[in-house]
Structure formats: C-alpha cells, structure tokens
Number of protein chains: 2
Amino acid sequence: MKIGLRHIRYFLVLADDLNFRRASEHLHISQPALTRTIQHLEAELKVLLFERSQNFVRLTDAGRAFQEGGRRVLNGMEATIDLTRRVSIGEAGALRVGYTDFAIAGALPELLKQFHQKHPGITVRPHHGVTATQLEELQDDKLDIGFITGPVRHPGFQSRVVQNDRPICIVPEGHHLAMRRSVTLADLAEEDFVHGPAEAWAHFYDYLFPLCRRAGFQPRIVQEAFNSVGILGLVSCGMGITILTESIYDFATGGLVPLPISDISEVMVTEAVWLSDNLRLPTQQFVDFLAQQDIG
Amino acid sequence: MKIGLRHIRYFLVLADDLNFRRASEHLHISQPALTRTIQHLEAELKVLLFERSQNFVRLTDAGRAFQEGGRRVLNGMEATIDLTRRVSIGEAGALRVGYTDFAIAGALPELLKQFHQKHPGITVRPHHGVTATQLEELQDDKLDIGFITGPVRHPGFQSRVVQNDRPICIVPEGHHLAMRRSVTLADLAEEDFVHGPAEAWAHFYDYLFPLCRRAGFQPRIVQEAFNSVGILGLVSCGMGITILTESIYDFATGGLVPLPISDISEVMVTEAVWLSDNLRLPTQQFVDFLAQQDIG
DNA sequence: GTTTTTGATGCATAATAGGTATCATGAAAA
DNA sequence: TTTTCATGATACCTATTATGCATCAAAAAC
C-alpha cells in the first residue's frame with residue numbers, strides 16, 4: 001500500500017479535531033473508515049502518529065512533524081493545480097523576450113511595463129542578444145519574442161515595427177568634429193570607426209553600409225567591442241567615432257558628443273519578431289497586445 | 001474523482017519519457033492503465049497536459065507548470081515521510097531548553113555543543129528565563145529541560161547538577177572594598193545591594209539569605225535589575241555592590257572588581273531539571289546524554 | 001448499575017485501478 | 001503501392017482498495 005493525499009487529508013483533520021468521530025463527520029465518512037485509514041497510514045510509515053485511548057487522542061512528536069509536512073504537501077498540491085489551470089487559460093505563464101541594445105534603450109521597457117499591467121500573471125524573462133542570435137533562438141524555441149534590429153522577412157517569421165531610430169554620429173570630446181552642429185556621411189569618410197563584431201552586428205551593418213556606400217566611402221572599422229556600452233567606452237577613450245542611435249547615446253556616462261547626420265533620412269527600425277507557429281498563449285497575448293499599441 | 005500522488009508519479013515519468021509505452025514500462029504498469037490515468041488527471045484538472053498524436057507526445061505549457069509543481073509536491077512528500085520516521089526514532093526533533101544567566105555563563109554552551117555533535121538531528125530551541133518561570137513552563141509543557149538555580153525537590157521533577165559556582169562579591173572600581181584581596185560576609189553587612197526582583201530571583205535568595213543571616217545581617221537591596229547584566233551595570237554605576245558568580249563576572253565589560261568571599265564554602269548549584277513523565281524522545285536523549293557527562 | 005461515548009473490528013458492497021485483447025492511425029519499409 | 005510496425009485510445013473483465021453498517025470492549029458520565 002502507498003501513502004496518498006487522501007491519507008494526509010484525513011490525518012490533518014483528525015490532528016485538528018483529536019477525535020475520530022468528529023473528524024469523520026467533518027470528512028463526511030464513517031468513523032471506521034477513518035480509523036482504518038489512519039491505521040494504514042501508520043502501518044505504511046511504520047510510525048505511531050497518535051496516542052489513543054478511549055479518553056483522549058493526541059499527536060506524538062512524529063505526528064506533529066507529519067502534520068507540518070503534510071500541510072505543506074497539501075498546500076503545494078493546491079497551488080500547483082491552481083497554477084496549472086491558470087497557465088492553461090493564459091492567466092499565468094512565462095514569456096521569453098530577447099532584446100538588443102537598441103530595444104532596451106528605446107521602447108522595450110515601457111512596452112514590458114504596460115504588458116505586465118495588462119497580464120500580471122505572465123512572468124517576462126528577458127534575454128539579451130544580438131539580432132542574429134535571437135533569430136536562431138526563436139527557431140530553436142529558446143525565445144518567444146525577439147526585439148531585433150532591421151526588417152526581417154523570412155518565411156515563418158512575423159514581425160511588427162516597435163521603434164524607429166535616427167542614427168547619430170558620436171565622437172569623443174575634443175575630437176576635431178566635436179564643435180560641429182551636424183555632419184554629413186561624407187564628412188566621416190576618413191574617420192576611424194568603432195563597432196561591434198561583423199557577424200553579430202550583421203543587421204546593423206546591412207543598414208549602415210549602404211548609406212555609407214551612397215556617400216562614397218566604406219567605414220573603416222578599427223576597433224570592435226561586444227556591445228554598445230563597450231563601443232561608447234572605446235569612443236570616449238578616443239579610439240575612434242561611431243554611428244549609433246540617440247537612445248543609446250543617452251545611456252552613456254559622459255565625455256561624448258552627439259552629432260546629427262544631416263543627410264540620413266532612413267530610420268533604423270527595431271522590430272518585434274516571432275515565429276508564426278508559436279502557439280504559446282503568452283506569445284499570442286503579447287502579439288495581441290502589440291497590435292493594440294500605437295507606435296510612432 | 002480526486003487527484004492523488006499516483007497521478008503525479010505517473011505524470012512525471014511520462015513527462016520525462018514523452019512516450020506512453022516506455023513510461024508504462026518504467027512504471028511497471030500496462031500502457032492502457034497509464035493512458036487512462038493521464039486522461040483522468042486531465043479531466044479532473046480540466047486542462048490538457050500533453051499534446052499527443054501517433055508520432056509525438058509533448059508537454060503543453062500547463063503541463064510544464066504541473067511538472068514543476070508536481071515534482072515539488074512529490075519531493076515534499078518524501079521529505080515529510082523521512083522526517084517523520086526520523087523524529088519517531090529520535091534522529092530528528094526539537095528540544096526546548098530553558099536557561100538562567102548562571103547556566104548560559106557557565107556549563108550550558110559546552111553541554112549543548114556536545115549534545116549537538118552527538119545528536120545532530122535535534123534542533124535545540126533555547127529560552128531564557130529565571131528559575132521560577134522555567135519550572136512553570138516545564139509543567140505547562142512549554143519546556144523539555146530547564147537549567148535552573150538551586151536544588152529542586154518537587155515531586156514529578158527529576159534533576160541533575162551540572163554546575164557548581166562559588167559566589168563572589170562584585171564592587172565597582174573605586175569602592176572602599178575594591179582594594180581588599182577578599183572579604184567576609186560580615187564585611188558586607190552595611191553595604192547597599194543590587195539584585196534581581198524578589199519573586200523571580202527567589203531561588204537565588206534562598207541560597208544567599210541564609211548565608212547572610214548566619215553572618216548576622218540581612219542584605220539591604222536598594223536597586224533591582226531584570227537580569228545579571230543589568231545588575232552588573234548598576235554596580236558599575238556605583239549604585240551598590242552585589243554577590244554573583246565568577247562566570248557571570250566574566251561576562252561583564254569592565255569597571256568592576258571581583259572579591260572572593262572567604263567564609264562561604266557552600267556552592268551555588270545549577271541543575272538541569274525535567275518532568276519525570278516527559279516522554280519525548282529528544283528529552284530522553286538529553287537526559288541520557290547528561291548521565292554520561294562528568295560534572296565537576 | 002445503566003447509559004453514553006470512545007476507538008477498534010468483521011463483513012459485505014462500492015469505487016477505483018489494473019491487465020488483456022483490440023482498434024485506428026500514421027510512419028517507415030518492402 | 002502494399003505491408004509492417006509503432007503509436008495512443010478503447011472495451012471488457014478482474015483485482016485491489018475504500019467505505020458503510022453493525023457490533024464490540026472499555027472507560028466515563030449519570
């Protein structure tokens with residue numbers, strides 16, 4: 001015979017009442033049934049849980065230990081059932097969200113905050129990652145939603161623009177361009193650039209390089225950093241200049257000068273992307289939520 | 001129908017194997033039995049836990065939630081059974097120990113340390129209290145063992161001496177007795193005394209007063225503090241002198257002078273006491289442990 | 001002394017779980 | 001294509017387990 005939740009339920013009521021007859025009434029079963037169940041429980045545990053006589057029933061020390069533990073088990077069971085039901089109807093769950101530096105510096109925080117207000121049961125698990133990584137993770141079902149750079153038009157993916165950034169040029173204080181009110185791309189042809197590694201930042205380069213090519217040059221990348229904070233750090237050290245977005249610049253600590261680029265009208269888009277066949281309820285809810293948002 | 005631990009056990013194995021036939025083999029039951037148990041579980045939860053087809057079985061989000069919760073419930077059940085068994089054989093449990101200032105300043109710490117080494121499963125819960133309080137708590141089953149001052153010879157109680165203290169006189173620095181190497185009781189007849197309140201310190205007074213009477217005076221208590229630290233504090237402020245033990249003196253911070261009392265040979269005993277009819281295993285174990293100790 | 005109340009027990013019944021045989025369906029093999 | 005194989009689901013019967021009723025033995029209440 002095995003101990004089941006039934007034994008625990010009966011035991012706990014008896015441990016409260018300390019009277020077989022009353023406990024059996026509370027449980028809506030007969031008194032012999034309760035006696036038997038407790039006997040079986042004690043036999044299976046090979047432990048006496050109650051001292052009984054015709055006058056009194058009281059818990060042994062072991063009984064008190066079992067009482068505490070039993071309560072925890074029953075509460076845990078109830079909580080599990082409740083959570084499972086709520087997950088199934090979308091009231092609870094987890095949403096794995098990937099984000100780039102551009103997204104976290106821009107619209108993402110406010111979006112997640114609003115989503116949390118609307119769906120307080122959904123736990124958002126954010127994972128930082130560049131665009132390429134996120135697209136892989138989406139396909140490997142490591143991510144539900146990715147916030148990535150640049151338009152993605154792959155079969156199987158759906159997306160929605162959530163953010164438009166105007167790129168700006170960022171130079172260190174004291175740089176020969178630092179006194180300018182604005183620059184053109186052509187002004188930057190001879191400059192050293194600091195940026196991220198080519199593979200990881202492919203989507204950003206896809207946006208920037210054509211613009212530079214149109215201006216008649218290819219940016220000379222002389223230093224690579226692993227994220228935009230690192231890039232800004234290298235720029236402020238005077239290793240070169242960079243082109244990023246205004247929101248990223250706002251994250252920097254100082255020693256940097258932002259310059260508008262007058263001859264770029266193209267914006268750099270940040271998109272939310274997800275797999276069309278992602279059927280998870282939290283994902284659906286986030287997609288629906290996104291559809292209701294007005295994005296400038 | 002009610003959800004039981006059986007459902008969870010079966011569910012967890014299936015969630016690992018994701019194959020009904022293999023899971024049923026691991027569980028040593030037939031495949032139809034497993035199929036129906038899972039069906040019953042899902043019906044009771046009103047939640048789909050697995051997506052099934054002839055090709056694959058996989059967990060739904062709700063299934064994953066139930067998996068986590070179910071694991072916790074099962075672990076909790078196992079832990080509870082284990083703890084209960086250990087409590088019943090005395091490998092685990094709690095021992096409520098009362099102690100006086102004299103005990104905690106003397107032999108108690110070492111005793112508890114040794115007991116813990118011998119019975120690592122027993123959690124010692126110490127409660128500070130004067131002798132009178134502890135005796136009440138023992139009788140109300142609020143305490144298992146009391147460490148109290150002075151011999152107790154009440155019916156129902158058993159005891160064992162654990163500590164003998166020679167009382168010393170403690171005076172503040174600069175006191176007119178502070179230069180003496182030792183004092184006699186008679187030297188103290190005209191002094192102001194600081195001590196604890198009469199009711200709570202009854203047992204201490206029972207020891208001290210007869211000695212003073214023999215020396216021909218009754219100590220004049222001019223200040224009361226609630227514990228020995230407070231008493232020593234008042235003494236160091238010059239409010240009076242006191243008679244305590246050397247171990248208590250060692251707890252003081254300074255500004256005090258200890259003086260042996262040459263004409264007291266009677267020691268002040270600290271005893272462990274317990275009710276004869278306390279049947280709790282941890283208590284028995286502590287009593288047995290005490291019996292094995294050599295007490296000076 | 002009688003009645004009432006307590007927990008325990010014997011026995012029959014009801015509810016639940018399990019096993020065997022079998023089906024329907026889709027994938028892989030021939 | 002047809003055949004074979006593996007999958008999960010279902011039908012039907014059996015074994016196990018839980019329950020209720022009637023009753024007992026012992027102690028307390030009256």
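Below, read A as the first sequence line, B as the second, and so on, with proteins coming before strands; counting in each chain starts at 1. Since this is a predicted model, take the numbers as computed values, not measurements.
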Please report the C-alpha distance between A:Val87 and B:Thr60 in whole Å, then the side-chain angles of each, then the deciding distance to 0.1 Å, and finally whether the side-chain contact (heavy atoms from CB on, under 4.5 Å) criterion is met. CA-CA 10 Å; A:Val87 167; B:Thr60 61; over 6 Å; no
Using the salt bridge (charged side-chain N to carboxylate O under 4.0 Å, His left out) rule, collect all pairs that involve residues 2-20 of chain A, keeping only residues at least two apart or in two chains. none
Look at atom CZ of A:Phe56 and say whether more than 12 heavy atoms of other residues, nucleotides or ligands are closer to it than 6.0 Å. yes
Would you say CD of B:Glu44 has more than 12 non-hydrogen atoms from neighbouring residues, nucleotides or ligands within 6.0 angstrom? yes
Using the heavy-atom set of chain A and a strict 4.0 Å cut-off, write down the first and last nucleotide of DNA chain D that makes it in, 5' to 3'. D:dA18 to D:dA28
Distance in angstrom units between [X] [atom1] and [N] [atom2], rounded:
X: B:Arg9; N: C:dA17; atom1: CZ; atom2: P; result: 12 Å
X: A:Arg21; N: C:dG7; atom1: CZ; atom2: C1'; result: 9 Å
X: A:Asp17; N: C:dG7; atom1: CG; atom2: C1'; result: 15 Å
X: B:Lys2; N: C:dA17; atom1: NZ; atom2: P; result: 14 Å
X: A:Ile29; N: C:dT13; atom1: CD1; atom2: C1'; result: 16 Å

Decide side-chain contact (heavy atoms from CB on, under 4.5 Å) for A:Val124 and A:Phe286; before the verdict, give the C-alpha distance in whole Å, the side-chain angles of both, and the deciding distance to 0.1 Å. CA-CA 10 Å; A:Val124 172; A:Phe286 193 82; over 6 Å; no
B:Phe50 and B:Phe11 aromatic centres sub-6.0 Å: yes
Can the ring centroids of A:His128 and A:Tyr99 be said to lie less than 6.0 angstrom from one another? yes
Sub-4.0 Å heavy-atom contacts from residues 31-45 of chain A onto DNA chain C, ordered by number: A:Gln31, A:Pro32, A:Thr35, A:Arg36, A:Gln39
Just to be sure I understand the rule, does B:Phe50 reach a base, reach only the sugar-phosphate, or reach nothing, if contact means heavy atoms closer than 4.0 Å? nothing
What do the steps show when you test B:His203 against B:Leu135 for side-chain contact (heavy atoms from CB on, under 4.5 Å), and what is the final call? CA-CA 11 Å; B:His203 279 74; B:Leu135 292 174; 4.0 Å; yes
Please figure out whether A:His28 or B:Arg52 has its closest DNA chain D nucleotide nearer the 5' end. B:Arg52
When you check the phosphate oxygens OP1 and OP2 of C:dG18, does a side-chain N or O of B:Arg6 lie under 4.0 Å from one of them? yes
Salt bridge check: are A:Arg85 and A:Asp82 linked by an N-O gap of less than 4.0 Å? no
